[in-house]
Amino acid sequence: GSNNLILGSPTVLIKNQANSESYIRCTENAQVELYYDNSKKLETTSTGGAITGALGVGVTSPLSNNKLHLRLGDASLGSTPTSTSSVLLAENSSNSWITVASGASSYGGILFADSGQPDRGQVRFNHNGDVMQLIANEETLFQATLNGAAELYFDNALKFTTSSVGVTLVGNLSLDAEINLQGGSDAARFIDSQLGDGNALHLRGTTGGDAGHENLATFTRGGAVSLFHDANKKFETTSTGATITGSLSVSNTGNASLILDADSSQAGTQISFIDLKINGTVKGNVAINEGVSGTPLELNSASGTGAVQLF
């Protein structure tokens, strides 16, 4: 057509007047090259194009330690915003975003590749269900669902899940500080443990981590509560009261007292308060005898030789 400049040659080379620097080089059935100061900067290829150096979009002087510098607004980064070279720098003077768009029922994400695997790591968002995932080597590390649970995994096994009432933990919980049960008020707090009858909740002490276990207290469903001293049971509740192994000391800053109170169903009879045993056999007791006028305190022997009555 009119006003066209047509150069017909297998190779078209545009250079400076001194023929010392190339501007453009065009090769038949091959690449087109663009130069800056006689240094090639852009080259077309059979699959697209190749750039030597950095490409700036919205910026005339892309920062040298980035391959692709995208600017919507000047963030005043200076000449080198980071000492680490990056492939992509997205810059804006206010909030800055990178948008990954996909279908309403498809995935969108970022892949992290290495020499052995093209998708070794993934940040994935599933639009079908609004689920965000962090994945490594096809194993889920973290998953969060809109209006639902956030989940943490170990070796692709679910370990921690949030819910509308709190959290659920699968496995052991190790702490190096306190457990504080707090809230917005001084209301009652509860520790629930799923137990079958005859099974116990153990409160134990350890040394050197999860080792050297010693029972401090046990709480048996449908059974006893036991307290220990140096791993030896000292106090145990029973269906009729409690059993103490060892001595019982009662002290107070003023007068000290031990009160034994029987119910009225035993009125009018001898009520034994304290049995005295040797090797499990009752040898005597201390009793209140309501069958005797004056209700004396009696010291009785199991041999039946008579009682000492104190009025």
Side-chain angles (χ1 to χ4, degrees), residues 27 30-36 39-146 148-162 167-174 176:
T27 304
Q31 74 276 11
V32 173
E33 303 170 358
L34 297 180
Y35 291 77
Y36 177 86
S39 176
K40 183 170 63 174
K41 296 300 182 183
L42 188 146
E43 176 182 351
T44 62
T45 68
S46 60
T47 57
I51 294 174
T52 302
L55 173 64
V57 178
V59 55
T60 56
S61 299
L63 297 180
S64 59
N65 59 341
N66 303 279
K67 289 298 182 182
L68 178 59
H69 186 171
L70 308 178
R71 175 184 285 177
L72 290 176
D74 190 351
S76 301
L77 298 177
S79 59
T80 53
T82 173
S83 60
T84 302
S85 297
S86 62
V87 176
L88 170 66
L89 171 61
E91 178 186 2
N92 196 9
S93 56
S94 58
N95 297 326
S96 186
W97 298 87
I98 297 176
T99 300
V100 178
S102 55
S105 59
S106 302
Y107 289 107
I110 301 174
L111 298 179
F112 300 88
D114 57 28
S115 59
Q117 192 170 337
D119 57 352
R120 183 72 177 181
Q122 301 179 37
V123 177
R124 178 192 295 180
F125 184 81
N126 187 354
H127 292 268
N128 185 14
D130 292 327
V131 180
M132 176 65 77
Q133 293 177 303
L134 182 62
I135 299 171
N137 195 26
E138 293 301 326
E139 289 190 3
T140 300
L141 308 178
F142 169 79
Q143 177 171 299
T145 303
L146 178 66
E151 302 171 351
L152 294 176
Y153 291 76
F154 178 85
D155 196 16
N156 213 34
L158 181 61
K159 295 299 181 181
F160 186 92
T161 307
T162 63
V167 299
T168 299
L169 176 70
V170 179
N172 298 326
L173 175 64
S174 298
D176 62 0

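The first residue in the sequence is number 1, and the count goes up from there. Every heavy atom of this structure was used, including side-chain atoms; hydrogens, water molecules and symmetry mates were not. Please read all numbers here as calculations on a predicted model, not as lab measurements.
For Q31, the side-chain contact (heavy atoms from CB on, under 4.5 Å) partners two or more places apart in sequence, or in a different chain, are T27, E33, E43, T44. Annotation: side-chain contact (heavy atoms from CB on, under 4.5 Å) contacts of A90 (sequence neighbours excluded): S96, I98. Residues passing the salt bridge (Lys or Arg N to Asp or Glu O under 4.0 Å) test with E139: none are found, sequence neighbours excluded. In terms of the side-chain contact (heavy atoms from CB on, under 4.5 Å) criterion, residue partners of Y36 (sequence neighbours excluded) are, by chain and number, K41. Residues passing the side-chain contact (heavy atoms from CB on, under 4.5 Å) test with A75, sequence neighbours excluded: L77, E91. Residues satisfying the side-chain hydrogen bond (donor to acceptor under 3.5 Å, both in side chains) test with Q133, not counting sequence neighbours, are Q143.
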Inset, instruction - Could you walk me through whether N137 and R120 pass side-chain contact (heavy atoms from CB on, under 4.5 Å), step by step? - result: CA-CA 5 Å; N137 195 26; R120 183 72 177 181; 3.4 Å; yes
Inset, instruction - Please step through side-chain contact (heavy atoms from CB on, under 4.5 Å) for the pair V123 and M132, ending with a clear verdict. - result: CA-CA 8 Å; V123 177; M132 176 65 77; 4.1 Å; yes
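L111 and P118 get closest at one heavy-atom pair: CB-O, 4.2 Å.
Residue pairs that meet the side-chain hydrogen bond (donor to acceptor under 3.5 Å, both in side chains) test with at least one member in residues 46-56, sequence neighbours left out, are T45-T47. Within the structure, ring-ring contact (aromatic ring centres under 6.0 Å, His included) contacts touching residues 88-136 (residues at least two apart or in different chains) are F125-H127.
To the nearest 0.5 Å, atoms CG (D74) and OG (S93) are separated by 7.5 Å. Here N126 contributes atom CG and T145 contributes atom OG1; the two are 9.5 Å apart, rounded to the nearest 0.5 Å. A distance of 8.0 Å separates CD1 in I135 from CG in L141, rounded to the nearest 0.5 Å. Interatomic distance, CG of L42 versus CG of L34, reported as 5.0 Å (0.5 Å rounding).
Atom CG of D114 sits in a crowded spot, with more than 12 heavy atoms from other residues, nucleotides or ligands closer than 6.0 Å.
Residues E138 and D119 meet the side-chain proximity criterion, which asks for heavy atoms closer than 4.5 Å.
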List the atom pairs, with distances to 0.1 Å, where a side-chain N or O of residues 148-160 and a protein N or O form a donor-acceptor pair under 3.5 Å, not counting sequence neighbours.
unit_1 : atom_1 : unit_2 : atom_2 : d
E151   : OE1    : Y153   : OH     : 2.5
N156   : OD1    : T140   : N      : 2.8

